[in-house]
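So you know, we letter chains A, B, ... as the sequences are listed, proteins then strands, and number each from 1.
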There are 2 protein chains.
Amino acid sequence: MKVRQLTFRLLQVYADVVRTGSLTATANRLHLTQPTVSQQLKRLREIVGEPIVRHEEGRLVPTEVGQALYQLSQDLLSRADVFSQYVEEYNSGGRGHFSIGLVNTAQYVLPRLLGPFSQANPQVDITVEIGNRQQMLNRFERHEDDLYVFSHPPLDDDVLAAPFLSNPLVVVGPEASHWADVNDLTMEALKDQRFLLREPGSATRHTFDAWLYSAGIELRSTQQIASNEAIRLAVASGMGLAVLSRHVVADAPKGIQELPLQGFPLKSRWHFVVRRERRLPPAAYRFLSFVQGSLAQAFEEPEGGLAVAELLQALKVER
Amino acid sequence: MKVRQLTFRLLQVYADVVRTGSLTATANRLHLTQPTVSQQLKRLREIVGEPIVRHEEGRLVPTEVGQALYQLSQDLLSRADVFSQYVEEYNSGGRGHFSIGLVNTAQYVLPRLLGPFSQANPQVDITVEIGNRQQMLNRFERHEDDLYVFSHPPLDDDVLAAPFLSNPLVVVGPEASHWADVNDLTMEALKDQRFLLREPGSATRHTFDAWLYSAGIELRSTQQIASNEAIRLAVASGMGLAVLSRHVVADAPKGIQELPLQGFPLKSRWHFVVRRERRLPPAAYRFLSFVQGSLAQAFEEPEGGLAVAELLQALKVER
DNA sequence: TATAGTCATAGATAATTATCTATGGTTTAG
DNA sequence: CTAAACCATAGATAATTATCTATGACTATA
């Protein structure tokens with residue numbers, strides 16, 4: 001058999017001929033003329049190199065080889081169909097894979113979106129990458145993930161960013177700290193305190209530093225600690241104060257409390273970030289759509305279903 | 001995916017691209033130019049409706065969908081190959097089915113040919129039909145079998161017949177019959193004996209009747225018995241004489257013996273008979289080839305490896 | 001034995017496919 | 001930074017395919 005010349009169309013037609021036992025019937029069913037079917041059949045026979053049907057009592061019945069060919073056709077066609085369905089599902093985003101890169105702090109809130117999405121789309125498999133701002137920027141540069149969450153999106157023409165959630169940064173002290181009761185508390189009053197800060201690559205640190213700079217304040221004593229969790233514990237044990245995302249505090253308030261500092265919370269927002277050029281996997285697209293629809297329920301203070309919708313729109317145009 | 005437009009050629013090319021990770025390499029391997037492969041790939045992508053490869057570190061690697069497509073390709077191609085091999089085997093006659101219709105008497109000798117053939121070709125499955133001449137003629141008329149064995153082939157332009165074995169008809173009597181010792185025994189001397197004969201539709205009967213007629217002899221007493229075996233037993237028990245194929249006697253000589261009658265044995269021969277128009281299944285063709293090669297070993301008195309060879313030749317021309 | 005139904009073939013055409021050469025853009029490796 | 005390698009696209013062409021209409025042959029049935 002000349003496999004090379006074989007087409008699925010021929011197999012479709014042939015399978016129908018075997019089922020109906022009649023060229024005319026197949027022609028009608030497939031909206032073709034009878035001679036067309038006749039010729040298709042002839043060509044298939046030439047490809048196979050062996051007669052595949054014979055006349056028997058006015059019907060066309062497959063020969064021995066034809067019978068085997070029929071089974072083959074069924075088999076191949078149904079496999080192709082399964083694949084076809086798979087592609088459709090993939091395309092709708094209901095199936096497949098995407099990866100999302102999260103800045104550390106965002107891991108406190110994203111599960112509230114990822115969890116329900118995952119539940120609703122069990123066939124979608126998500127890789128979550130987590131790191132500080134710098135690490136994420138590196139991944140972003142290397143195009144390693146499909147989707148990112150930054151509070152300060154990298155600026156680039158190629159980058160699309162949609163804010164979706166406010167990320168207020170607050171100053172925290174140990175539980176029952178006397179600072180909590182001070183009125184009109186200012187940073188001036190705290191600048192001699194020891195501050196426990198994330199490493200310079202972190203977004204929280206970056207924002208705080210910028211604010212300090214613009215306020216013309218220099219801290220006396222700082223200590224660098226690499227994880228939000230470690231900072232929380234340190235603050236709770238009285239080692240100092242810290243600046244954290246309010247979401248971190250809300251997530252695990254044990255032993256710490258927010259201080260009512262003037263000028264705080266510092267405003268910042270999380271953004272979904274994608275590269276315009278990169279084709280977003282349908283599953284990621286579906287995730288963003290899902291997010292857009294569920295922001296209001298998931299958070300008190302979403303920042304932009306609208307912005308996410310615009311991002312989706314922009315991506316749709318790219319397709 | 002537009003299954004309808006899918007071809008095996010595209011899958012072949014695609015599979016190779018995935019393996020090599022390079023259009024140029026595939027182009028060389030398949031003796032095409034690089035732009036050709038590029039275009040094939042493009043078309044396949046359009047058929048699938050989704051990107052199937054992407055560039056990664058200078059190599060082409062399948063996307064998620066592409067990976068699934070590659071697996072599909074492998075699967076489909078290998079299935080088509082298996083079928084292709086099957087067709088080849090079928091074509092060589094090493095596999096498949098044929099049916100052969102035997103006149104009763106021939107069943108005593110055909111096993112000597114069918115047995116070894118079957119052993120040598122275990123994938124060939126043979127249907128053996130047996131009946132008397134008339135029944136076989138009916139089957140022949142209805143084109144029910146691929147191949148027949150007759151001693152007197154039906155005459156028709158459409159019929160090809162090749163004698164392959166002599167089938168001497170002899171007169172038999174009970175063991176130790178006194179007729180056995182008579183010199184120059186003639187039918188005249190026996191005509192008053194009771195003859196146990198096959199029914200008129202049988203070839204043996206037909207031949208014997210014809211001989212009697214041409215010799216101008218009429219028998220006094222006959223009795224019709226439908227099977228050679230029953231006749232043998234009847235003769236052995238002294239109920240009369242009979243005309244049987246010498247092969248029957250040779251096969252089971254118990255209780256009977258051949259009488260040395262003048263003019264006997266009557267000559268007759270078995271023929272393989274096929275319809276010229278009918279396409280002989282390759283397995284049947286292979287059987288005839290096999291027979292042609294083994295006649296000399298199987299029988300002392302073959303009648304025509306030559307004739308069988310000619311028949312094969314004639315069929316070959318028809319193909 | 002007409003008649004209707006079914007299949008095969010011929011002839012024609014538009015569409016699609018398979019390929020090639022030439023060329024320009026990107027990426028990779030020195 | 002340049003050369004080499006590699007891929008994409010354009011343009012051209014020959015071959016193949018998909019179809020159709022018209023017609024002829026065969027077959028079963030009224």
Exercise. Distance check: side-chain N/O of Thr24(B) vs OP1/OP2 of dA5(D), anything under 4.0 Å?
Worked result: no
For this session: Could you check how far CG of Leu11(A) sits from P of dT17(D), rounded to whole Å?
Result: 14 Å
Seminar exercise, completed: Assign each of Ser22(B) and Leu32(A) the nucleotide of DNA chain D bearing its closest heavy atom; nearer the 5' end lies the nucleotide of Ser22(B)
Problem set entry | Phosphate contact (dA18(C) OP1 or OP2) by Arg43(B) side-chain N/O below 4.0 Å | yes
For this session: Report the distance from atom CG of Leu6(A) to atom C1' of dT16(D), rounded to the nearest whole Å.
Result: 15 Å
Exercise. Just to confirm, is there a sub-4.0 Å distance from OP1 or OP2 of dT19(C) to any side-chain nitrogen or oxygen of His31(B)?
Worked result: no
Show me the donor-acceptor pairs, under 3.5 Å and distance only, between side chains in residues 43-50 of chain A and residues at least two apart or in other chains.
from     : atom 1 : to        : atom 2 : distance (Å)
Glu50(A) : OE1    : Asn91(B)  : ND2    : 2.9
Glu50(A) : OE2    : Arg279(B) : NH2    : 3.3

For this session: Please tell me which of Gly21(A) and Arg4(A) maps to the more 5' nucleotide of DNA chain C, matching each residue to the nucleotide holding its nearest heavy atom.
Result: Gly21(A)
Problem set entry | Atom-pair distance (CG on Leu30(A); C1' on dC20(D)), nearest Å | 16 Å
Exercise. Any side-chain N or O of Gln40(A) under 4.0 Å from OP1/OP2 of dA18(D)?
Worked result: yes
Exercise. Which residue lies toward the 5' end of DNA chain C, Lys42(A) or Gln34(B), if each is placed at its nearest nucleotide?
Worked result: Lys42(A)
Exercise. Gln5(B) has a side chain; which of dA10(C), dT9(D), dT17(C) sits nearest to it?
Worked result: dT17(C)
For this session: For Arg9(B) and dA18(C), give me the distance from atom CZ to atom P, rounded to whole Å.
Result: 8 Å
Exercise. Taking atom NE2 of His206(A) as the centre, does the number of heavy atoms from other residues, nucleotides or ligands within less than 6.0 Å exceed 12?
Worked result: no
Exercise. Given atom CD of Glu46(B) and atom C1' of dT9(D), what is their separation to the nearest angstrom?
Worked result: 13 Å
Exercise. In whole Å, what is the span from the NZ atom of Lys2(B) to the P atom of dT16(C)?
Worked result: 11 Å
For this session: Indicate the ring-plane relationship of Phe290(A) and Phe287(A), choosing parallel, tilted or perpendicular according to the 30° and 60° boundaries.
Result: parallel
Problem set entry | Closest to side chain of His55(A), choosing from dC7(D), dA8(C), dT9(D) | dA8(C)
Exercise. For Thr36(B) and dC20(C), is the shortest distance between a side-chain N/O and OP1 or OP2 below 4.0 Å?
Worked result: yes
Problem set entry | Point-to-point distance, once rounded to the nearest 0.5 Å, from CG of Leu11(A) to CG of Leu69(A) | 6.5 Å
Problem set entry | Below 4.0 Å: OP1/OP2 of dT19(D) and any side-chain N or O of Thr33(A) | no
For this session: Let me know the distance between CD of Gln39(A) and P of dT17(D), rounded to the nearest Å.
Result: 10 Å
For this session: For dA8(C), take OP1 and OP2 only and decide whether either is under 4.0 Å from a side-chain N or O of Ser38(A).
Result: yes
Exercise. Rounding to a whole Å, what distance do you find between Leu10(A):CG and dA18(D):P?
Worked result: 6 Å
Exercise. Does the side chain of Phe140(B) reach to within under 4.5 Å of the side chain of Met136(B), using non-hydrogen atoms?
Worked result: no
